[in-house]
Protein chains: 2
Amino acid sequence: MTTTYHNPVEATLSVIGGKWKVVILCLLKETDTMRFSDLQRAIPDITKKMLSQQLRELEADHIIHRTVYDEMPPRVEYSLTSEGETMRPMLNAMCAWGSRKMGQQAECE
Amino acid sequence: MTTTYHNPVEATLSVIGGKWKVVILCLLKETDTMRFSDLQRAIPDITKKMLSQQLRELEADHIIHRTVYDEMPPRVEYSLTSEGETMRPMLNAMCAWGSRKMGQQAECE
DNA sequence: CTGAATCCTTAGGGATACTG
DNA sequence: CAGTATCCCTAAGGATTCAG
């Protein structure tokens, strides 16, 4: 499927446009590697379904890497790929803007 | 309404999370001031309804400024506010990442 | 623990027509 | 030109259950 974009930023949005993707990526950029349950705990409002769905899409776009450990109980870890690492400046900028805004409003916790 | 965020970036998403907002903002950051019809032409896939809706939300968040000229035919111009200007680094980073990706895939036009 | 599968609801968003 | 107003419908996403 070849999608035609009229603006470069649309390519960005096609990858990080999902409702929770940026939140997930911002967590991964700080913690390096997180388990499924770690992400769930860090994003209380997300459902399992949404989380796994967003993760699979990010994986399909080669932004995150999924490592399965064949243990009992199961363990799966997620981390940024090298492609995902290239997002760091962008993710930092997005976090920075939010922090600035929060600083103004003092409404973050 | 006080919304509680668990991550600073959620504050960012609450402002630019709309489907077309980042596209609109990226256009405004480059062209400085655009009319409604300019935006429509630059974003062929957006409907009037969506465009005006997204614009109104951005205006409510004090990100863009709306100037109405009492002429016939009507003219309305949109531009970034000073608050919107603080988004420039972030918007540039988002465009840059998309451009990089497009460069790899050579699928932009 | 890490999901997949199913069902179900709602609201995001498209098409169209109308207005100052 | 720059929007509203309606109608309408799909698909995003929530709740719940099942499974390896």
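In the text below, chain A, chain B and the rest are named by the order of the sequence lines, each starting its count at 1.
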**Report entry** Phosphate OP1/OP2 of dG3(D): any R66(B) side-chain N/O under 4.0 Å
**Finding:** yes
Query raised in the report: Where the side chain of S37(B) is concerned, which of dA2(D), dG13(C), dG13(D) is the nearest nucleotide?
Result: dA2(D)
Query raised in the report: Expressed in angstrom and rounded to an integer, what is the separation of Q53(A) atom CD from dA4(C) atom P?
Result: 10 Å
Query raised in the report: Is the distance from OP1 or OP2 of dC1(D) to the nearest side-chain N or O of R35(B) less than 4.0 Å?
Result: no
Requested in this report: Quickly work out the D45(A) CG to dG14(D) P distance and round it to whole Å.
Outcome: 9 Å
Requested in this report: State whether E85(B) and R88(B) are salt-bridged, where the test is any N-O pair (Lys NZ or Arg NE/NH1/NH2 against Asp/Glu carboxylate O) under 4.0 Å.
Outcome: yes
Query raised in the report: Are OP1 or OP2 of dG14(D) and a side-chain N or O of K19(A) less than 4.0 angstrom apart?
Result: yes
Query raised in the report: Could you state the CG-C1' distance from L51(B) to dG14(C), rounded to the nearest angstrom?
Result: 14 Å
Query - Closest nucleotide among dG14(C), dG14(D), dG3(D) to the T47(A) side chain - result: dG14(D)
Query raised in the report: Atom CG of D38(B) to atom C1' of dC1(D): distance rounded to whole Å?
Result: 11 Å
Query - Separation of atom NZ in K48(B) from atom P in dA17(C), rounded to whole Å - result: 12 Å
Query - R56(B) side chain, from C-beta outward: closest of dT2(C), dT4(D), dG13(C) - result: dT4(D)
Report task. Would you kindly give the CD-to-C1' distance between E57(A) and dG3(C), to the nearest whole Å? Result -> 16 Å
Requested in this report: Specify the separation, in whole Å, of atom CE of M34(B) and atom P of dC1(D).
Outcome: 14 Å
Query - Residue-phosphate contact under 4.0 Å: S52(B) side-chain N/O, dT4(D) OP1/OP2 - result: yes
**Report entry** Main-chain N/O of K49(B) paired with S52(B) side-chain donor or acceptor, under 3.5 Å
**Finding:** yes
Query raised in the report: What residues in residues 68-77 of chain B put a non-hydrogen atom under 4.0 Å from any atom of DNA chain D?
Result: P73(B), P74(B), R75(B), V76(B)
Report summary line: Here the gap from M34(A) atom CE to I24(A) atom CD1, rounded to the nearest 0.5 Å, amounts to 10.0 Å
Report task. Measure from the side-chain N and O atoms of T81(A) to the backbone N and O of H62(A), and report whether any donor-acceptor pair falls under 3.5 Å. Result -> yes
Report task. Compare the minimum distances between each of dG3(D), dG14(D), dC1(D) and the side chain of M50(A), then state the nucleotide with the smallest one. Result -> dG14(D)
Report task. Evaluate the criterion salt bridge (Lys or Arg N to Asp or Glu O under 4.0 Å) for residue pair K101(B) and E10(A); output intermediate values, then yes/no. Result -> CA-CA 11 Å; K101(B) 184 176 175 56; E10(A) 293 181 31; over 6 Å; no
Query raised in the report: Checking all strands, does K49(B) fall into the base, sugar-phosphate, or nothing category for heavy-atom contacts under 4.0 angstrom?
Result: base
Query raised in the report: Which is it for I63(B) and L25(B) under the side-chain contact (heavy atoms from CB on, under 4.5 Å) test, yes or no, and what are the steps along the way?
Result: CA-CA 9 Å; I63(B) 302 300; L25(B) 293 172; 3.7 Å; yes
Report summary line: I43(B) atom CD1 is separated from dA2(D) atom P, nearest whole Å, by 14 Å
Query raised in the report: Is there a path of hydrophobic side-chain contacts, each under 4.5 Å between heavy atoms of I, L, V, M, F, W or Y residues, that connects L39(A) with V76(A)?
Result: yes
